[in-house]
Colleague: 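Attaching a single structure in structure tokens format; questions to follow.
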Amino acid sequence: MSKRVLVTTPYLEPGGEVDRLLTEAGFDTVFAPATLRQASGLTLTGVVREVDGIVAGTDAFTAEVIEAAPRLRVFGRCGAGYDNIDVACATRRGVAVTHTPGANRRSVAEHVLALMLNCARLIPQNTAAIRAGDWAQRSGRELHGATLGLVGLGAIGRTVARLTLALGMRVLATEPNPDREFLAETGVRILPLPGLLAESDFVSLHLFLDDSTRGLIDAEALRAMKPGGYLINTARGGIVDEDALADALERGELGGAALDVLAQEPLPATSRLRGLDSVLITAHIGGATTQARSRSSLLAARQVIDVLHGRPPAHLVNPGYAQEVR
């Protein structure tokens, strides 16, 4: 029986480079992105029962879904984050979980820069004013000379640092295990979170979402930010307490915020953030460039192939999976 690989990543299509890679490796492919499942009324539990591997997007692969897939051996997550997969359940079931760290770092870093520039120069507000018939020329600010605080200094954070240092920004970071060679080369200074928040004109988040980071940017953290500062989040929505952020923005304590990720996506119609002119929201597009998507999806697919062919994958999240008894 041929092994079957399910592809749920919405931007991947039959006949594309990932499909060809998997087919040439000897696998049958099934494409079931969320839009197709919604149109046909299918659920994830209904499409995983006879698959051996999954090239995964951002769908929630809960314990219920994993338990419904008796043949499943590997997840190839397209992206660095994997909080949408129940890794503990996968490990118990002997399922490898892989991801693609670094594949989209340049794309996300450039999106951070775009969000910062939009905030600094009030571009969304100016565009809205012109569409409303106004010709307001409100003063923005230059990024040169401003202080950026990076909460997390991994691959994306370091790329953001290099881009913003080139613009003449001062860069601070909070990171428990920083790359000392990078710090020596760039002059980025490490501070504890409260000190970073107090000194930064812009704060950009670059963290995984787990129990230690969920709600990290809460009301207390927002009060610690520099008055008039901007919060940029391209990491995971759950890191920020969105109600506390709305409160701080409504009180005028911050200059604004730019969010590419939210606790619930799409953004609910009832969210208070929708009504705030000081918030710029994009639809989780930080890594949505053709180059990053190609790198990420091909790496995810290659890792699925490696596991199903008995080879070690490049970026394994749960190294203990192979010792578990199914």
Side-chain angles (χ1 to χ4, degrees), residues 8-11 34 56-62 75 77-88 90 97-116 148-160 173-177 193 196-197 202-222 225 230-246 248 257-268 271-273 279-289 292-293 296 300 315 317-318:
T8 67
T9 310
Y11 55 82
T58 57
D59 290 289
F61 289 97
T62 62
F75 282 102
R77 169 74 175 94
C78 294
Y82 48 85
D83 50 283
N84 60 310
I85 299 172
D86 189 326
V87 176
V97 179
T98 70
H99 65 148
T100 59
N104 65 359
R105 62 184 171 189
R106 180 74 189 195
S107 296
V108 176
E110 289 185 4
H111 194 59
V112 172
L113 187 58
L115 294 175
M116 290 176 60
L148 169 65
L150 298 170
V151 184
L153 197 60
I156 294 174
R158 292 194 298 273
T159 304
V160 172
T174 179
E175 169 62 46
N177 299 297
L193 182 60
L196 177 142
L197 295 174
F202 297 86
V203 174
S204 185
L205 307 181
H206 301 283
L207 303 165
F208 284 107
L209 178 63
D210 57 24
D211 290 341
S212 69
T213 62
R214 192 178 302 278
L216 178 69
I217 306 301
D218 56 9
E220 181 180 359
L222 292 165
M225 284 183 63
Y230 290 87
L231 178 68
I232 314 291
N233 188 12
T234 57
R236 283 293 184 269
I239 297 169
V240 177
D241 181 332
E242 292 175 1
D243 281 331
L245 176 60
L259 310 174
D260 186 50
V261 289
L262 300 148
Q264 182 179 338
E265 298 176 1
L267 181 67
S271 172
R272 293 163 61 198
L273 297 175
V279 182
L280 171 60
I281 298 175
T282 54
H284 205 149
I285 60 170
T289 63
R293 284 177 164 178
S296 183
H315 301 287
V317 170
N318 58 338

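A quick note: this is a predicted structure, and the numbers were derived from the prediction, not measured.
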Colleague: Closest heavy-atom contact between L153 and E175?
Modeller: N-OE1, 2.9 Å

Colleague: If you count heavy atoms of other groups shown closer than 6.0 angstrom to CZ of R272, is the number above 12?
Modeller: yes

Colleague: State, yes or no, whether a side-chain contact exists between L245 and L222 at a heavy-atom distance under 4.5 Å.
Modeller: yes

Colleague: Determine whether more than 12 heavy atoms belonging to other residues, nucleotides or ligands lie under 6.0 Å from atom CZ of R105.
Modeller: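 Incorrect, the count does not exceed 12.
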
Colleague: Report the distance from atom CG of L115 to atom CG of L231, rounding to the nearest 0.5 Å.
Modeller: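 CG of L231 is found 11.0 Å from CG of L115.
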
Colleague: Side-chain contact, heavy-atom cut-off 4.5 Å: F61 with T8?
Modeller: yes

Colleague: For T9 versus C78, what's the shortest heavy-atom pair and its separation?
Modeller: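 Looks like OG1-SG, 3.6 Å.
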
Colleague: Do T174 and V151 have side chains that approach each other closer than 4.5 Å (heavy atoms only, starting at C-beta)?
Modeller: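 They are in contact (side-chain heavy atoms under 4.5 Å apart), so the answer is yes.
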
Colleague: Taking D210 for the side chain and T213 for the main chain, is one N or O donor matched with an acceptor at less than 3.5 Å?
Modeller: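 Yes; judged by distance alone, with no hydrogens or angles, the pair exists.
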
Colleague: Keeping S271 on the side-chain end and P268 on the backbone end, is there a donor-acceptor pair under 3.5 Å?
Modeller: no

Colleague: For R77 and N84: C-alpha separation, side-chain torsions, deciding distance, then whether side-chain contact (heavy atoms from CB on, under 4.5 Å) applies.
Modeller: CA-CA 9 Å; R77 169 74 175 94; N84 60 310; 3.3 Å; yes

Colleague: Checking L273 against L262 for the side-chain contact (heavy atoms from CB on, under 4.5 Å) test, could you report, in this order, the C-alpha distance in whole Å, the side-chain angles of both residues, the deciding distance, and whether it holds?
Modeller: CA-CA 10 Å; L273 297 175; L262 300 148; 4.2 Å; yes

Colleague: Is there a side-chain contact between N233 and I217 in this structure, where contact means two heavy atoms from C-beta onward sitting under 4.5 Å apart?
Modeller: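 Sidechains of I217 and N233: no contact.
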
Colleague: Begin with the C-alpha distance, continue with both residues' side-chain angles, and end with the deciding distance and a verdict on side-chain contact (heavy atoms from CB on, under 4.5 Å) for L216 and L205.
Modeller: CA-CA 10 Å; L216 178 69; L205 307 181; over 6 Å; no

Colleague: What is the minimum heavy-atom distance between Y82 and V87, and which atoms define it?
Modeller: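 Result for this residue pair: CD1-CG2, 3.9 Å.
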
Colleague: Taking the side chain as everything from C-beta on, heavy atoms only, tell me whether L148 gets closer than 4.5 Å to M116.
Modeller: yes

Colleague: Could you measure the distance from the CG atom of D59 to the CD1 atom of I85? Nearest 0.5 Å is fine.
Modeller: 10.0 Å

Colleague: Could you check whether any side-chain heavy atom of N104 comes within less than 4.5 Å of a side-chain heavy atom of S296, counting everything from C-beta outward?
Modeller: no

Colleague: Over all heavy atoms of both residues, which pair between H206 and T234 is shortest? Give the atoms and the distance, please.
Modeller: CE1-OG1, 3.8 Å

Colleague: Do you know which two heavy atoms are closest between H99 and F208, and how far apart they sit?
Modeller: CE1-CZ, 4.5 Å

Colleague: Suppose the criterion is side chain to side chain donor-acceptor pair (under 3.5 Å): which pairs have a residue in residues 257-268, not counting sequence neighbours?
Modeller: D260-T282, E265-H284

Colleague: Which atom names give the shortest non-hydrogen contact between A235 and L207, and what distance separates them?
Modeller: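 Closest approach of A235 to L207: CB-O, 3.4 Å.
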
